[in-house]
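Since the structure comes first, as structure tokens, the remarks are kept for the end.
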Number of protein chains: 2
Amino acid sequence: MNDDDIFRALGDPTRRAIFEKLATGAMNASALREGMAISQPAMSQHLAVLRNANLVREERQGRFVNYEVDPDGLALIAGWLAKYRAYWPARIDALKDLLKDMDQ
Amino acid sequence: MNDDDIFRALGDPTRRAIFEKLATGAMNASALREGMAISQPAMSQHLAVLRNANLVREERQGRFVNYEVDPDGLALIAGWLAKYRAYWPARIDALKDLLKDMDQ
DNA sequence: GAATCAAATAAGTTTTCACTTATCTATTGG
DNA sequence: CCAATAGATAAGTGAAAACTTATTTGATTC
């Protein structure tokens with residue numbers, strides 16, 4: 001799990017769509033495919049890339065494999081972004097409001 | 001400027017290295033190349049991709065073109081990341097500390 | 001205004017990577 | 001134990017994209 005894997009994984013729009021769909025709730029690979037013009041092997045390969053980047057993690061449940069967002073990958077992006085916080089001072093207030101919301 | 005352009009731009013490790021070097025301070029394309037095994041046209045092409053993603057902006061200064069980090073692109077990443085804030089509650093405290101630092 | 005230097009662009013080549021089809025593995029239920 | 005189903009893997013193909021060399025554009029200085 002490093003910047004390289006993560007940004008490469010998110011660099012593909014299809015993979016980002018998969019991730020974003022997963023973020024609405026954990027589901028298995030078949031459910032992910034629904035309404036998403038993508039073959040079974042392609043989905044499996046994309047999920048492998050996302051998993052390798054720690055953006056997604058799996059949990060086998062019988063014959064199905066359930067996928068969910070892995071916070072570790074997101075944290076790494078947040079860390080990357082934080083390095084450049086000097087460049088967005090104007091956005092600090094918005095971020096503060098965000099954190100206040102999260103407290104409730 | 002959209003998620004696609006940004007993540008595609010950052011998906012390439014060379015381009016991310018260029019961006020990260022630029023984040024240490026604005027400089028022109030030649031200065032960026034120093035110690036960075038990369039040809040002049042390649043650098044120019046990478047900068048064009050970064051510029052197109054609003055991660056970097058240019059300002060011609062005579063014969064040189066000065067490049068600097070563009071906060072707009074970073075803000076878009078922050079926005080993308082914020083959508084998934086539900087997934088990193090454990091990191092809230094760390095982020096708060098970060099904001100406290102920024103106030104000073 | 002010719003020479004020089006920074007950077008961009010054009011065109012072609014090579015490498016990477018997202019796909020395909022085919023096959024295999026794992027798990028369940030009859 | 002066998003048929004069915006979910007998913008992974010293997011191998012090959014085509015397209016995208018990161019490079020190359022050559023040339024062009026823009027600006028400076030002598």
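Applying the side chain to side chain contact (heavy atoms under 4.5 Å, CB included) test to B:N52 and every residue at least two apart in sequence or in another chain returns B:D5. Partners of B:Y67 according to the ring pair (Phe, Tyr, Trp, His ring centres under 6.0 Å) rule, which considers only residues two or more places apart in sequence or in another chain, do not exist here. A:E68 pairs by the side chain to side chain contact (heavy atoms under 4.5 Å, CB included) definition with A:A26, A:R57, not counting sequence neighbours.
Within the 4.5 Å cutoff, no side-chain heavy atoms of A:N54 are placed close to those of A:L76. Within the 4.5 Å cutoff, the side chain of A:L47 has heavy atoms near those of the A:M43 side chain. Counting heavy atoms from C-beta on, the side chains of B:E34 and B:M27 never come closer than 4.5 Å. You'll find the side chain of A:N28 stays beyond 4.5 Å of the side chain of A:Q61, heavy atoms only. Side-chain contact check for A:D4 versus B:R16: some heavy-atom pair is nearer than 4.5 Å. Two residues are said to be in side-chain contact when any heavy atoms from C-beta on lie closer than 4.5 Å; B:L22 and B:V56 meet this criterion. Contact of the B:I6 side chain with the B:W80 side chain is not registered, since no non-hydrogen atoms from C-beta on lie closer than 4.5 Å.
With values rounded to the nearest 0.5 angstrom, A:L55 atom CG is found 11.5 Å from A:I18 atom CD1.
To the nearest angstrom, P of D:dT9 lies 10 Å from CD of A:Q45. Between B:M43 atom CE and C:dT9 atom P there is a gap of 16 Å when expressed in whole angstrom units. The CZ atom of A:R33 sits 14 Å away from the P atom of D:dT5 (whole-angstrom rounding). Rounded to an integer number of Å, the gap from B:F7 CZ to C:dA18 P is 15 Å. We find that CD of B:E58 is positioned 14 Å from C1' of C:dT9, with the value rounded to whole Å. Atoms CD1 (A:I38) and P (D:dA8) sit 12 Å apart, rounded to a whole Å. The CG-P distance, from B:L47 to D:dC19, rounds to 12 Å in whole Å.
Between A:Y67 and D:dA6 there is no side-chain N or O to OP1 or OP2 distance below 4.0 Å. Side-chain nitrogen and oxygen atoms of A:S39 include at least one within less than 4.0 Å of the OP1 or OP2 phosphate oxygen of C:dT20.
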Could you list the protein-to-nucleotides 14-17 of chain C atom pairs, N/O on both sides, closer than 3.5 Å?
unit_1, atom_1, unit_2, atom_2, d
C:dC17, OP1, A:R8, NE, 3.2

Output a table of nitrogen or oxygen pairs between the protein and nucleotides 3-6 of chain C separated by less than 3.5 Å.
unit_1, atom_1, unit_2, atom_2, d
C:dA6, O4', B:R63, O, 3.4

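In the set D:dC19, D:dA8, C:dT9, the nucleotide with an atom closest to the side chain of B:H46 is D:dC19. Among the nucleotides D:dC19, C:dT9, C:dT20, the one closest to the side chain of A:A42 is C:dT20.
Taking the six-membered ring where the residue is Trp, A:F19 and B:Y84 present perpendicular rings, their angle passing 60° and hence far from 30°.
Scanning residues 48-56 of chain B for heavy-atom distances under 4.0 Å to DNA chain C yields B:R51.
Taking only distance into account, the side chain of B:Q40 meets the base of C:dA8 through a donor-acceptor pair shorter than 3.5 Å.
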